[in-house]
2 protein chains.
Amino acid sequence: MARHGRLITSPRHGAGRAPTVNDVAEAAAVSRQTVSNVVNSPERVHPQTRARVQAAIDDLGYRPNRMARNLQARASRLVGYRIPGGSSGGNPLLDRFLHALTEAARADGYHLLLFTPDDERDEVDAHADLVATGTVDGFVLSETDYGDSRVSWLSERGVPFVVFGRTNIDVPYSWVDVDGRTGVASAVAHLAARGHRRIAFIGWPEGSATGDRRAEGWVTGLTDAGLGAPDPALCVRGEDGPRTGAEALDHLLRLADPPTAVVTASDLIAIGALAAARTRGVEAGAALGVVGFDDSPVAPHLLPPLTSIRQPLEQVGRTIVGLLTARIAGAAPDPDGVLLTPELVVRQSS
Amino acid sequence: MARHGRLITSPRHGAGRAPTVNDVAEAAAVSRQTVSNVVNSPERVHPQTRARVQAAIDDLGYRPNRMARNLQARASRLVGYRIPGGSSGGNPLLDRFLHALTEAARADGYHLLLFTPDDERDEVDAHADLVATGTVDGFVLSETDYGDSRVSWLSERGVPFVVFGRTNIDVPYSWVDVDGRTGVASAVAHLAARGHRRIAFIGWPEGSATGDRRAEGWVTGLTDAGLGAPDPALCVRGEDGPRTGAEALDHLLRLADPPTAVVTASDLIAIGALAAARTRGVEAGAALGVVGFDDSPVAPHLLPPLTSIRQPLEQVGRTIVGLLTARIAGAAPDPDGVLLTPELVVRQSS
DNA sequence: GCGTACGTTTTGATCGTTCAAATCCGCTCT
DNA sequence: AGAGCGGATTTGAACGATCAAAACGTACGC
């Protein structure tokens, strides 16, 4: 409570207008530049003067105006992020992702600015607008499809940006991604270590880069675990969601030689699989190992609590912001990609 | 594609620096103020001049610099939103809520700025900082507890803000909320109309304002439907999550006179209830009516697809932004609260 | 022909900050 | 005493825009 007082309370000198360098300068009987120096390069100012100015700053509750600073610095210290449209169907990771980005940005003196294209303009225009008006210094992109038009556009114009995920665009750009293949492979390894020999995979339809890599992880994992060539019958794919999980598991359990464990491409699919298992009287965790992907907030609350592959989003956020601020600072090194490893969170379902 | 060209491409006059009013003025052989007028008050400028200036603007790809404008206007056109910490356990509505806010803000010429308090400072300080530095013009608050310190702090200092949800603070402030009581009551009415007579409620622990109001809706709904006094045995409460739903439903179905339908305080609870029903061989939708709350993205993909109470977040966003911009504009009318009505989305589970 | 009015355009000042260069001051050295 | 020096501080200009007021024409009425 007491600490807030320093900041902007006690506006003894008129509650209307925020104090400026000039106000402080006058109060401390120095020039505005000296005030500025006290704030930005205290070592240049005589200790005695510094103390006097600092006292005035504290007294008036002076804080440098951000807009004025930004204008002078020709930078906004804002990073744009296009908030995905509602159509994408609710991303359970958005919460953590945004928090991680915001936190990482704060540590570097940046803030995240959310935007969304208006109906008449397309996506690229929305980005162009923010750059042209100097509203943002760069972008964080996510959910980039194959051939995302934003990547090439931004890249061509030298606008700083970092992508969460990878695309197949062949222009140089920086990206950060989580290695889904390794993640799924580690889940397979975990299940194999628990004695499972027939391990199935329920994933998304072929054609999405992320989905395909997760499916590859199943193959890799089986091979690495020495379980021989993967049985194609144990790989089922469908749209994301519990229904796919339920139907796929039903199908798998009806096989002549059914799996004893299943890895899924998402927690949503796993939820469906858990439900289907219960319906058939198969006890998940004991008779059937189940592993999800993304460690969504529900995972620990499911019955049984769901083992899941957790993306290191905090690290993702820090890495993205690190790359981005480096680019903004003009350090335009060879753009590079960073691949982070997810972590298996083991719970009772496996 | 062609349209992008207008904005900032074709930097014929040096790719380095964005064009300013002065550049345009020089190109069109007029003064900077005339350029400014063409942009902001075209009617003041002679049509012929206007055309010439507009041509220069288009040619150079001029867009007024936002920081400069903001400095002069002493407004940032940014609205702060503190992104909830990870501890809150993943809000399935955040996605839609942020999108709605962003979209509504855009329509009014605002952007959303995300922030989070750093570890050493408390929440109020984080807000104070943004105000003192002129970084934001106002705030949108959510997840305000009873006695949230931010509300009184902001209110005392006349900082514009609007709360999503209600608190019990007795200072005047504007808020927008969704009427959970009416929502649950309408679900009860819906189930009664389908012939259900014994309708249960599974909700959150007593003590949260939102949770209590949803529970009240159950009472109201039963009374309004003429089903007599609610049976206390049919109201079960526990922490949010599928587990609570499963355990509560198990308990309810074991009663001497079990319910034939259940309304829950969240989709997560409903998920658990659906799973428990399956385990006991009760077919949800047919033998047991189930209604969730929030219409989270999973709801339509559950088995059976879940009837749920959907918050009108788009409307919430527009209302919040409307109230907020009015306050920022100085129109400081009597702060008021707006209560919006949720909508029941009927699917197979009921 | 001259004062006035109006429509259009330009000039000056300002928003709050920082950079760059100039000034001031006390001190040493010759 | 005057030049030289270096630390501390101040002044001038700029960032890019807008507001307010002045200036400029041109046309009109008397």
Side-chain angles (χ1 to χ4, degrees), chain A residues 8 13-14 16-54 56-57 60-77 109 131-137, chain B residues 8 13-14 16-54 56-57 60-77 109 131-137:
Chain A
I8 69 165
H13 309 272
R17 201 172 105 280
T20 74
V21 256
N22 287 304
D23 297 325
V24 177
E26 193 177 353
V30 293
S31 72
R32 58 178 195 285
Q33 184 60 36
T34 299
V35 178
S36 175
N37 285 337
V38 169
V39 173
N40 301 303
S41 333
E43 75 283 357
R44 286 197 205 157
V45 181
H46 190 95
Q48 202 166 322
T49 316
R50 194 193 306 159
R52 184 159 38 96
V53 172
Q54 189 61 55
I57 288 177
L60 295 174
Y62 167 76
R63 309 266 3 237
N65 180 293
R66 208 132 196 255
M67 296 303 144
R69 264 196 169 164
N70 289 342
L71 174 60
Q72 144 73 29
R74 256 145 305 191
S76 68
R77 310 230 81 172
V131 174
T133 56
T135 306
V136 303
D137 294 341
Chain B
I8 69 162
H13 309 271
R17 197 173 107 281
T20 73
V21 257
N22 288 303
D23 297 325
V24 177
E26 194 177 353
V30 293
S31 71
R32 59 178 196 285
Q33 184 59 37
T34 299
V35 177
S36 176
N37 285 337
V38 169
V39 174
N40 299 303
S41 334
E43 75 284 356
R44 284 197 206 157
V45 182
H46 190 94
Q48 203 166 323
T49 318
R50 193 194 308 159
R52 185 156 40 97
V53 172
Q54 190 60 54
I57 289 177
L60 295 173
Y62 166 76
R63 308 265 6 236
N65 181 294
R66 208 132 194 262
M67 296 302 143
R69 266 196 166 163
N70 289 343
L71 174 59
Q72 146 73 29
R74 260 145 299 192
S76 67
R77 310 231 81 175
V131 174
T133 57
T135 305
V136 303
D137 294 341

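As a basis for the values below, the full set of heavy atoms in this structure was taken, side chains included, without hydrogen atoms, waters or symmetry mates. Each chain gets a letter, A, B and so on, in the order its sequence line appears, and its residues count up from 1.
- One interatomic measurement links the two molecules: NE2 of B:H46 to C1' of D:dC24, which rounds to 15 Å at whole-angstrom precision.
- In terms of heavy atoms, A:R66 sits closest to A:G109 at NH2-O, 3.5 Å.
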| request: Would you give a per-nucleotide map of nucleotides 11-17 of chain D, 5' to 3', where B means the base has a protein non-hydrogen atom under 4.0 Å away, S means only the sugar-phosphate does, and - means neither? | output: BBB-BBS

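- Note that CG of B:N65 and CG of B:L71 are 10.0 Å apart. Values are rounded to the nearest 0.5 Å.
- At distances below 3.5 Å, not a single donor-acceptor pair connects side-chain atoms of A:T133 with backbone N or O atoms of B:R63.
- By the side chain to side chain donor-acceptor pair (under 3.5 Å) test, A:N22 pairs with no residue at all, sequence neighbours left out.
- Just one of A:E43, A:R50, A:R32, A:R44 meets the side chain to side chain contact (heavy atoms under 4.5 Å, CB included) condition when paired with A:N37; it is A:R44.
- As rounded to whole Å, 15 Å separates atom C1' of C:dG16 from atom CD of A:E26.
- Rounding to whole angstrom units, CZ of residue B:R50 and P of C:dT8 are separated by 9 Å.
- A 4.5 Å side-chain heavy-atom check between B:V39 and B:I57 finds at least one atom pair inside the cut-off.
- Atom CD of B:Q48 and atom C1' of C:dG7 are 15 Å apart (whole Å).
- The end-to-end axis angle of the helix from C:dG1-D:dC30 to C:dT30-D:dA1, rounded to 10 degrees and based on five pairs per end, is 80°.
- A 4.5 Å side-chain heavy-atom check between A:V53 and A:V30 finds at least one atom pair inside the cut-off.
- Shown here is A:Q54, whose CD atom has more than 12 heavy atoms of other residues, nucleotides or ligands within 6.0 Å.
- When rounded to the nearest whole Å, the span between CG of A:N37 and C1' of D:dG7 equals 13 Å.
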